[in-house]
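Okay, structure first, notes after.
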Amino acid sequence: MRVEIWSDIACPWCYIGKARFEKGLAAFAHRDDIEVVHRSFELDPNRAKGDTGPVLEMLATKYGRTLDEARAMEAHVASNAHSEGLGYRTEGRDHGNTFDIHRLLHLAKDRGLQSELLDLAYRANFAEERSVFDADTLVTLGVEAGLDGAEVRAVLADDSAYADAVREDEREAAELGANGVPFFVLDRRYGISGGQPAEVFTQALEQAWQGRVLQTVGGDAAVCDTDGSCEVPGA
């Protein structure tokens, strides 16, 4: 059975949701028969390449909050990340266009290293002092994941490389009705929206395995929307 996960590196709930999904998958009896494929979804596709800025200022502007309120929002997300054993910096992170990262993730998929690069990119963006919007950092992450550095540089230098693959993922997301991420699709029969608790993923895997019809699980789980807004429940 195939599980497709639409996400964006800039989405904190995608970072957290991936960890929760993996816990849910670990509790699933048929986990060894599951193929996981990560799909591209840009939260801010119209942002110019190279246009980066501090996350706190972006949150304050987007939600009409003060910087202190934005810090409280980030602290709430951080507590969710920490509860899953994930690192999360609430200060000093930046925000920008993620198209190049998605293109590299497609290269990594072709080389069988997609999950490795995705984990490194999430960690760099949310937990470490490394900007994933810097080309040199992306080359370093690619090499750490096992990719050839020269090949990574060649992809980054050619804006058309894997561009169609990214756009095709985004077209499919729209067709499936995904207007926020993370969005999980199980065998194209069962959809889950948001960073749900691990047990929800286990239950969904069991239902999809049994061949039930497509349903979409939403509820109160947090998502990041197509306008770049990320919900912060309780903040």
Side-chain angles (χ1 to χ4, degrees), residues 5-19 21-22 36-59 74 77-78 80-82 84-170 181-182 195 224 228 230:
I5 306 173
W6 274 265
S7 59
D8 193 7
I9 293 298
C11 165
W13 297 111
C14 296
Y15 175 50
I16 295 166
K18 182 177 184 292
F21 169 77
E22 288 171 349
V36 178
V37 178
H38 294 278
R39 303 289 193 190
S40 298
F41 192 106
E42 295 173 273
L43 288 171
D44 198 358
N46 296 319
R47 191 180 187 112
K49 182 177 178 178
D51 177 15
T52 61
V55 167
L56 285 176
E57 281 78 352
M58 179 274 292
L59 290 173
E74 279 285 87
V77 178
N80 277 267
H82 295 159
E84 302 300 333
L86 301 172
Y88 195 97
R89 292 188 298 119
T90 58
E91 300 267 0
R93 292 192 300 108
D94 55 7
H95 180 74
N97 181 287
T98 57
F99 190 59
D100 280 349
I101 306 169
H102 286 297
R103 295 194 300 113
L104 287 184
L105 284 167
H106 276 281
L107 167 65
K109 178 185 174 184
D110 281 353
R111 302 295 179 264
L113 297 167
Q114 187 184 49
S115 182
E116 289 84 349
L117 180 57
L118 184 61
D119 283 341
L120 286 167
Y122 273 139
R123 191 177 309 128
N125 188 44
F126 291 107
E128 299 174 348
E129 296 287 342
R130 294 199 284 179
S131 173
V132 295
F133 308 105
D134 173 75
D136 289 339
T137 299
L138 290 179
V139 172
T140 299
L141 291 172
V143 171
E144 288 177 6
L147 295 171
D148 177 76
E151 189 172 30
V152 172
R153 290 186 185 91
V155 168
L156 291 175
D158 179 3
D159 289 341
S160 68
Y162 293 100
D164 288 345
V166 175
R167 298 306 182 212
E168 177 62 18
D169 280 356
E170 293 172 337
V181 284
C224 292
C230 293

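This is a predicted model, so every value here is computed, not measured. All heavy atoms count here, side chains included; hydrogens, waters and symmetry mates do not.
No hydrogens or angles considered: a donor-acceptor pair under 3.5 Å links the side chains of His106 and Asp169.
Taking CG of Leu105 as the reference point, atom OG of Ser7 lies at 8.0 Å (rounded to 0.5 Å). Rounding to the nearest 0.5 Å gives a distance of 6.5 Å between CZ of Phe133 and NE2 of His95. Rounded to the nearest 0.5 Å, atoms CZ (Phe99) and OG (Ser40) are 8.5 Å apart. Between atom OG of residue Ser131 and atom CG of residue Leu138 there is a gap of 8.0 Å, rounded to the nearest 0.5 Å. Rounded to the nearest 0.5 Å, atoms CD1 (Ile9) and CG (Leu43) are 10.5 Å apart. Distance CG/Leu156 to CD1/Ile101: 10.0 Å, rounded to 0.5 Å.
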Run the numbers on Tyr162 and Asp110 for side chain to side chain donor-acceptor pair (under 3.5 Å), then give the verdict.
CA-CA 10 Å; Tyr162 293 100; Asp110 281 353; 2.8 Å; yes
What's the verdict on salt bridge (Lys or Arg N to Asp or Glu O under 4.0 Å) for Lys18 and Asp119, showing C-alpha distance, side-chain angles and the deciding distance?
CA-CA 9 Å; Lys18 182 177 184 292; Asp119 283 341; 2.6 Å; yes
Apply side chain to side chain donor-acceptor pair (under 3.5 Å) to Asp94 and Thr52, showing your working.
CA-CA 6 Å; Asp94 55 7; Thr52 61; 4.6 Å; no
Does the side chain to side chain contact (heavy atoms under 4.5 Å, CB included) test come out yes or no for Thr98 and Arg47, once each step is laid out?
CA-CA 9 Å; Thr98 57; Arg47 191 180 187 112; over 6 Å; no
When you look at His102 and His38, which way does the side chain to side chain contact (heavy atoms under 4.5 Å, CB included) test go after all the steps?
CA-CA 10 Å; His102 286 297; His38 294 278; over 6 Å; no
Please assess Trp13 against Asn80 for the test side chain to side chain contact (heavy atoms under 4.5 Å, CB included), listing each intermediate value before the final yes or no.
CA-CA 9 Å; Trp13 297 111; Asn80 277 267; 3.8 Å; yes
Residues Glu22, Val36; criterion side chain to side chain contact (heavy atoms under 4.5 Å, CB included); working and verdict:
CA-CA 10 Å; Glu22 288 171 349; Val36 178; over 6 Å; no
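Counting heavy atoms from C-beta on, the side chains of Lys109 and Arg39 come closer than 4.5 Å. Looking at heavy atoms from C-beta onward, Leu86 lies out of side-chain contact with Tyr122 at the 4.5 angstrom threshold. Between Val155 and Leu104, the closest side-chain pair of non-hydrogen atoms falls below 4.5 Å. Between Glu170 and Glu42, the closest side-chain pair of non-hydrogen atoms falls below 4.5 Å. No side-chain heavy atom of Phe21 sits under 4.5 Å from any side-chain heavy atom of Pro182.
In plain terms, the two heavy atoms of Asp100 and Asn97 that are nearest each other are N-OD1, 4.4 Å. Taking each heavy atom of Val143 and Gly149 in turn, the nearest pair found is CG2-CA, 3.7 Å. Pairing each heavy atom of Thr137 with each of Arg130, the nearest pair is CG2-CB, 4.1 Å. Between Ala78 and Tyr88, the shortest heavy-atom distance links the atoms CB-CD2, 3.5 Å. Tyr15 and Ala127 get closest at one heavy-atom pair: OH-CB, 4.1 Å. In plain terms, the two heavy atoms of Val139 and Val152 that are nearest each other are CA-CG1, 3.8 Å.
Each of Glu128, Glu129, Glu57, Glu74 was compared with Arg93 under the salt bridge (charged side-chain N to carboxylate O under 4.0 Å, His left out) criterion, and only Glu74 meets it.
At most 12 heavy atoms of other shown residues, nucleotides or ligands fall within 6.0 angstrom of atom CZ in Arg153. At most 12 non-hydrogen atoms from other residues, nucleotides or ligands lie less than 6.0 angstrom from CG of Asp164.
A donor-acceptor distance shorter than 3.5 angstrom exists from the side chain of Arg103 to the backbone of Asp158, with no hydrogens or angles considered.
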